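Structure first, commentary second.
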Amino acid sequence: MEMRKSDWFLLYITIVIGITCLRLSNGYPLELVQFLNGFVELAENMIAYFGLTKLYLILQHIPSKWILLLAGGFEFAIGFFILFLFRPQWEQGTMLLLKKGCSVIKTGITLYLMLFAVISIFIYSVIGLPIGALFMILQHIAISLGDIPIAIFLGYLLLQQFQIKGEIYLYYMIGTFVMLLFKNVSLIGGAFLFFIFPVLALGVDMLLLIYHFVYKCRLPVEFQKENKFHRDKIRDIIKKDL
């Protein structure tokens, strides 16, 4: 993939914005924390109601890293299953990142800011809390789906550096591991987790819809190009020599 100077500049600005927002906010906004605390209290009440307090206490003694690893493994398994069911769609998403990277970033930033503004407006309103929660759930689902082509994209680029040709599922597995590393890097891991990857995921999701329903076209999938054995052509060559 050949990226133009404008693409590198836009990618740099995206990273800088993500890190700056993370530093300025010093974590999550107070209103968002209060909103999420409501779900925590609701979960605690449900645990007590169903008599799962002992299980809750056991989970509290498990290191958070293991819980996050388990959650990441579960998300990876779900993503792998979705990739298996809708492989052509995620191949197109990967090609959008390869061929239309600048458009993906621009679209993703626009959607990210729009959703952030809409969710913030509803969260500030007591009446709009359910709607804000619904938008947050939909946003999380969209980002989780958009992470699939991002993982394939990163895995593909990494293996290309070593001139290794793999399969889409191998690209996904390696790319998922790369994304996990980026999310856990000190200082900038939060920027990847809360801004960079969500921006790319939302941009891919939107462009997939536009290319499928508006443009009604498909991009050629690069890693599907293989030298297939053509029996008829080989037979014609042999007969010609005879």
Side-chain angles (χ1 to χ4, degrees), residues 1-18 75-76 78-113 139 141-183 185 188 191-228:
M1 179 186 65
E2 296 183 0
M3 294 185 68
R4 297 171 297 179
K5 292 182 179 179
S6 59
D7 296 342
W8 284 109
F9 178 74
L10 187 57
L11 181 61
Y12 172 76
I13 292 298
T14 303
I15 296 174
V16 170
I17 291 175
E75 187 174 350
F76 166 78
I78 295 297
F80 195 90
F81 179 69
I82 295 175
L83 172 61
F84 177 77
L85 292 178
F86 305 101
R87 173 173 173 168
Q89 286 76 12
W90 305 130
E91 287 177 341
Q92 287 300 299
T94 307
M95 289 303 103
L96 286 172
L97 286 167
L98 279 169
K99 303 296 185 181
K100 308 289 182 179
C102 188
S103 299
V104 169
I105 295 174
K106 291 178 180 178
T107 305
I109 291 176
T110 303
L111 278 177
Y112 184 89
L113 295 177
Q139 182 187 33
I141 294 174
I143 291 173
S144 298
L145 293 176
D147 283 343
I148 297 175
I150 295 175
I152 300 170
F153 170 74
L154 293 175
Y156 175 72
L157 288 186
L158 182 61
L159 291 186
Q160 282 289 100
Q161 299 302 314
F162 298 98
Q163 297 181 348
I164 299 175
K165 292 184 178 180
E167 233 280 334
I168 187 170
Y169 301 108
L170 177 62
Y171 298 147
Y172 174 72
M173 288 188 288
I174 294 176
T176 303
F177 179 72
V178 172
M179 291 180 69
L180 184 62
L181 288 180
F182 283 154
K183 292 176 182 179
V185 173
I188 64 172
F192 279 101
L193 178 61
F194 298 112
F195 188 79
I196 297 174
F197 287 146
V199 162
L200 293 176
L202 292 173
V204 169
D205 289 340
M206 179 54 67
L207 287 185
L208 273 176
L209 294 175
I210 292 174
Y211 271 75
H212 182 74
F213 292 105
V214 179
Y215 296 151
K216 296 182 179 180
C217 66
R218 294 175 55 85
L219 298 174
V221 181
E222 287 190 359
F223 45 78
Q224 277 188 344
K225 293 180 179 179
E226 300 176 354
N227 294 323
K228 296 184 179 180

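Being a predicted model, the structure only gives us computed values, none of them experimental. Only heavy atoms go into these numbers, but all of them, side chains included; no hydrogens, no water, no symmetry mates.
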Exercise for review: Please step through side chain to side chain contact (heavy atoms under 4.5 Å, CB included) for the pair Ile143 and Phe197, ending with a clear verdict.
Suggested key: CA-CA 8 Å; Ile143 291 173; Phe197 287 146; over 6 Å; no
Exercise for review: Applying side chain to side chain contact (heavy atoms under 4.5 Å, CB included), run through Thr176 and Met179 and close with a yes or a no.
Suggested key: CA-CA 5 Å; Thr176 303; Met179 291 180 69; 5.6 Å; no
Point to revise | Distance, nearest 0.5 Å, that separates CD1 of Ile174 from CG of Leu157 | key: 11.5 Å
Check your understanding: What's the shortest heavy-atom distance between Leu96 and Val204, and which atoms?
Key -> CD1-O, 4.2 Å
Study note, to complete from the structure: Residues passing the ring-ring contact (aromatic ring centres under 6.0 Å, His included) test with Tyr169, sequence neighbours excluded, are Phe80
Review point. So how far is it from Leu145 CG to Ile150 CD1, rounded to the nearest 0.5 Å?
Key: 11.0 Å
Review point. Just wondering, more than 12 heavy atoms not from Phe76 lying within 6.0 Å of its CZ?
Key: yes
Review point. So which heavy atom on Gly93 is nearest to which on Pro149, and how close?
Key: C-CB, 3.7 Å
Practice item. Taking the side chain as every heavy atom from C-beta outward, state whether Thr94 and Glu91 have any pair of such atoms under 4.5 Å apart. Key: no
Practice item. Grab the two heavy atoms, one from Leu208 and one from Gln89, that are nearest each other, plus how far apart they are. Key: CD2-O, 3.5 Å
Review point. Could you state the interatomic distance from CG (Leu83) to CE (Met173), rounded to the nearest 0.5 Å?
Key: 10.0 Å
Review point. Of the non-hydrogen atoms in Tyr112 and Phe195, which two are nearest, and what is the gap between them?
Key: CE2-CD1, 3.5 Å
Check your understanding: How many angstroms lie between atom OH of Tyr156 and atom NZ of Lys165, to the nearest 0.5 angstrom?
Key -> 8.5 Å
Point to revise | Close side-chain approach of Leu219 and Gln92, heavy atoms under 4.5 Å | key: yes
Review point. Which heavy-atom pair separates Phe192 from Phe182 by the least distance, and what is that distance?
Key: CD1-O, 3.8 Å
Revision key, fill the gap. Closest non-hydrogen atoms of Lys100 and Tyr211, given as atom of the first, atom of the second and distance, are CE-OH, 3.3 Å
Revision key, fill the gap. Taken to the nearest 0.5 Å, the spacing of Ile152 CD1 from Asp147 CG works out to 11.0 Å
Revision key, fill the gap. Value for CD1 (Ile82) from OH (Tyr172), rounded to nearest 0.5 Å, stands at 8.0 Å
Practice item. Take Leu159 and Leu170 through the side chain to side chain contact (heavy atoms under 4.5 Å, CB included) test and state the conclusion after the steps. Key: CA-CA 10 Å; Leu159 291 186; Leu170 177 62; 3.9 Å; yes
